[in-house]
J.: 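Pasting a structure here, questions to come.
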Number of protein chains: 2
Amino acid sequence: MASDQTRSAILAAAERLYADRGFGDVTLRDIVAEANVNLAAVNYHFGSKDELIAELFVTRSIQTNRERLNELRAAEEKGGGRAAIEDIMRALVGPTLRGCLGPDREGSTAARFMIRASIESVPPIRRIKNREVDHLRKFAAAMRRAMPASSDTELYWGLHFALAMAHHTIREKERLLRLSEGKCDLDDVRGIIDRVVTVSVMALTMGDVPSKPAPRPVAMHGRLTRQDL
Amino acid sequence: MASDQTRSAILAAAERLYADRGFGDVTLRDIVAEANVNLAAVNYHFGSKDELIAELFVTRSIQTNRERLNELRAAEEKGGGRAAIEDIMRALVGPTLRGCLGPDREGSTAARFMIRASIESVPPIRRIKNREVDHLRKFAAAMRRAMPASSDTELYWGLHFALAMAHHTIREKERLLRLSEGKCDLDDVRGIIDRVVTVSVMALTMGDVPSKPAPRPVAMHGRLTRQDL
DNA sequence: GATAGTTTCATACAAATGTTTGAAATGCAA
DNA sequence: TTGCATTTCAAACATTTGTATGAAACTATC
């Protein structure tokens with residue numbers, strides 16, 4: 001039964017090293033040294049290096065996806081089957097941002113690993129990410145229910161931009177910190193989530209708010225028209 | 001004088017291969033085979049593989065940055081020294097999006113190379129990207145002039161989100177296409193730029209438009225308050 | 001056309017890396 | 001204990017890869 005110990009030691013060591021130094025320059029030999037196990041143990045327990053990486057990533061991904069769906073379900077129950085759009089977007093970006101940002105998360109290996117996975121793009125992880133589309137469709141469906149008058153196009157763009165802001169904030173948090181000379185507080189996770197959610201909802205409800213003459217009436221190419229509510 | 005030919009052939013072949021297959025699985029031997037030059041030519045002309053990659057990336061980056069600054073300058077002249085915020089954002093995201101998206105760009109090696117560089121994250125490119133902060137400061141300065149009443153924090157978040165939407169659209173265009181089942185037209189570059197600019201400006205002027213009760217008055221944590229204009 | 005500088009070429013080097021192997025050790029059931 | 005399966009281990013394998021070398025080919029200047 002020491003087999004499970006070896007397996008776990010490898011997983012833990014690999015996640016730690018990948019989180020710290022990236023996938024690029026961590027070899028199997030580094031991992032087995034950190035885990036105090038034999039080199040062949042990786043291939044014995046996981047088959048290959050790529051399968052090890054894949055297992056690490058799917059484990060964390062499943063966690064995040066489950067949290068997202070839980071929040072989405074909670075929001076739908078709260079709204080009696082029809083979740084508010086803000087709550088949907090919050091369920092979409094909240095778990096990811098909470099998982100990767102924040103001061104307490106600084107030491108979290110899992111968080112730093114997921115940031116790495118978000119920055120670098122290694123084949124086994126890319127393969128898994130491609131399956132994420134099915135997961136996102138559930139959010140698209142919820143959004144459609146929340147905004148039945150919106151076109152699918154607008155909806156997908158809103159979803160896309162929400163993920164853009166969340167992931168880019170995780171990916172480039174160092175740069176934003178440097179650019180803003182610390183003025184942007186990357187530890188205020190709740191504030192960041194609110195910010196992303198607010199902008200996302202604004203993007204989704206764009207046509208609704210022509211209170212001011214839209215930023216500029218120029219060159220809209222018939223794309224950003226108001227939705228026919 | 002055949003030296004320049006060799007150099008150019010290597011650059012062209014490398015850019016094409018990297019664009020098609022990514023940095024991960026293109027070796028120097030692949031490149032020299034494609035370029036019909038000798039293996040040693042790369043080290044002779046560029047010093048090392050990393051310096052070759054760096055030269056490819058800086059060349060394209062300089063082009064984009066120049067276009068950006070040209071647009072920014074044009075916008076400032078148009079506004080008599082004080083460019084409109086929409087024009088600033090357009091100058092920021094326009095060149096990148098135009099360079100990487102669009103139907104005609106499909107065959108553009110340069111475009112596909114820059115998309116690769118945006119997706120994968122190889123050390124020599126990462127080093128160059130880190131210097132990009134200085135370039136962005138020029139835009140931050142222009143934004144500050146355009147919105148003197150806004151706090152720096154809001155300004156940096158707006159800049160950050162604009163880049164987030166632009167880069168994420170380039171990075172994940174395949175996924176967005178698949179998710180939306182083709183409903184999001186990734187070839188309509190002008191429409192996409194308008195979209196990103198519009199949302200960015202909305203994000204920047206958030207406090208200004210409480211025409212409707214803000215998406216939800218909940219949990220703003222005192223962050224997304226209106227600017228005191 | 002000889003010479004010096006530049007460029008090209010075939011080949012070799014050296015190091016790294018994921019994977020495999022076959023035997024030894026360990027655990028477990030009969 | 002015996003026997004069988006699982007797990008560990010040291011060592012080797014087989015490539016791949018970027019880089020270096022030294023001679024040959026080429027170019028341009030005098």
Side-chain angles (χ1 to χ4, degrees), chain A residues 1-58 113 116-117 120-128, chain B residues 1-58 113 116-117 120-128:
Chain A
M1 275 300 144
S3 93
D4 267 4
Q5 283 178 24
T6 302
R7 244 187 89 91
S8 309
I10 292 172
L11 284 169
E15 187 168 44
R16 198 167 344 132
L17 289 180
Y18 284 142
D20 285 343
R21 293 160 35 192
F23 298 98
D25 54 270
V26 171
T27 72
L28 286 189
R29 283 169 177 81
D30 294 332
I31 294 172
V32 298
E34 179 87 357
N36 277 312
V37 301
N38 187 271
L39 174 59
V42 173
N43 290 280
Y44 178 78
H45 284 282
F46 298 93
S48 70
K49 183 196 185 186
D50 278 12
E51 288 174 88
L52 166 61
I53 295 178
E55 174 153 345
L56 281 172
F57 186 68
V58 298
F113 173 80
R116 279 285 178 197
E120 297 185 33
S121 188
V122 69
I125 290 184
R126 229 184 331 242
R127 278 191 287 272
I128 296 165
Chain B
M1 272 301 145
S3 93
D4 267 4
Q5 284 178 25
T6 303
R7 243 188 91 92
S8 309
I10 292 172
L11 285 169
E15 186 169 45
R16 197 168 345 131
L17 289 180
Y18 285 142
D20 285 343
R21 292 157 40 191
F23 299 97
D25 54 270
V26 171
T27 71
L28 286 190
R29 283 168 177 80
D30 294 331
I31 294 172
V32 298
E34 179 88 356
N36 278 311
V37 301
N38 187 269
L39 174 58
V42 173
N43 289 280
Y44 177 78
H45 284 282
F46 299 93
S48 71
K49 183 194 184 187
D50 278 12
E51 288 173 89
L52 166 62
I53 295 178
E55 174 151 345
L56 281 171
F57 185 70
V58 298
F113 173 81
R116 279 285 177 196
E120 297 185 32
S121 189
V122 68
I125 289 185
R126 223 179 341 234
R127 277 191 287 272
I128 296 165

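As the structure is a computational prediction, the values presented were derived from the model and not from experiment. Residue numbers start from 1 in every chain, and the chains themselves are labelled A, B, ... in the order their sequence lines are given, proteins ahead of strands. What you see below is based on every heavy atom in this structure, not just the backbone, and it leaves out hydrogens, waters and symmetry mates.
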J.: Can you measure A:Glu51 atom CD to C:dT19 atom C1' for me and round it to whole angstrom units?
T.: 12 Å
J.: Please state how far atom CD1 in A:Ile10 lies from atom C1' in C:dT19, giving the value in whole angstrom units.
T.: 14 Å
J.: Rounded to the nearest 0.5 Å, what separates atom CG in B:Asp20 from atom CD in B:Glu34?
T.: 8.5 Å
J.: Taking NE2 from A:His45 and C1' from D:dT7, how many angstroms apart are they, rounded to a whole number?
T.: 6 Å
J.: Which of these, B:Val42, B:Ile10, B:Ile31, sits in a side-chain contact (heavy atoms from CB on, under 4.5 Å) with B:Val37?
T.: B:Ile10
J.: In whole angstrom, what separates A:Asp50's CG from C:dT19's C1'?
T.: 12 Å
J.: Could you tell me the separation between the OH atom of B:Tyr44 and the P atom of C:dT7, rounded to a whole number of Å?
T.: 4 Å
J.: When rounded to the nearest 0.5 angstrom, what is the spacing between CD in A:Glu55 and NE2 in A:His45?
T.: 11.5 Å
J.: State whether B:Thr6 places a side-chain N or O below 4.0 Å from either non-bridging phosphate oxygen (OP1 or OP2) of C:dT7.
T.: no
J.: Excluding sequence neighbours, so at least two apart, what forms side-chain hydrogen bond (donor to acceptor under 3.5 Å, both in side chains) with A:Arg21?
T.: A:Asp30
J.: Which residues, if any, of residues 13-42 of chain B bring a heavy atom under 4.0 Å of DNA chain D?
T.: B:Thr27, B:Leu28, B:Arg29, B:Leu39, B:Ala40
J.: List in chain and number order the residues that pass ring-ring contact (aromatic ring centres under 6.0 Å, His included) with A:Phe23, two or more places apart in sequence or in another chain; answer none if no residue qualifies.
T.: A:Tyr18, A:Phe113
J.: Using whole Å, what does the distance between atom P of nucleotide C:dT26 and atom CG of A:Asp4 come to?
T.: 19 Å
J.: Please state how far atom CD in A:Gln5 lies from atom P in D:dT6, giving the value in whole angstrom units.
T.: 19 Å
J.: Considering the options B:Pro124, B:Ser48, B:Pro123, which one meets the side-chain contact (heavy atoms from CB on, under 4.5 Å) requirement together with B:Ile53?
T.: B:Pro124
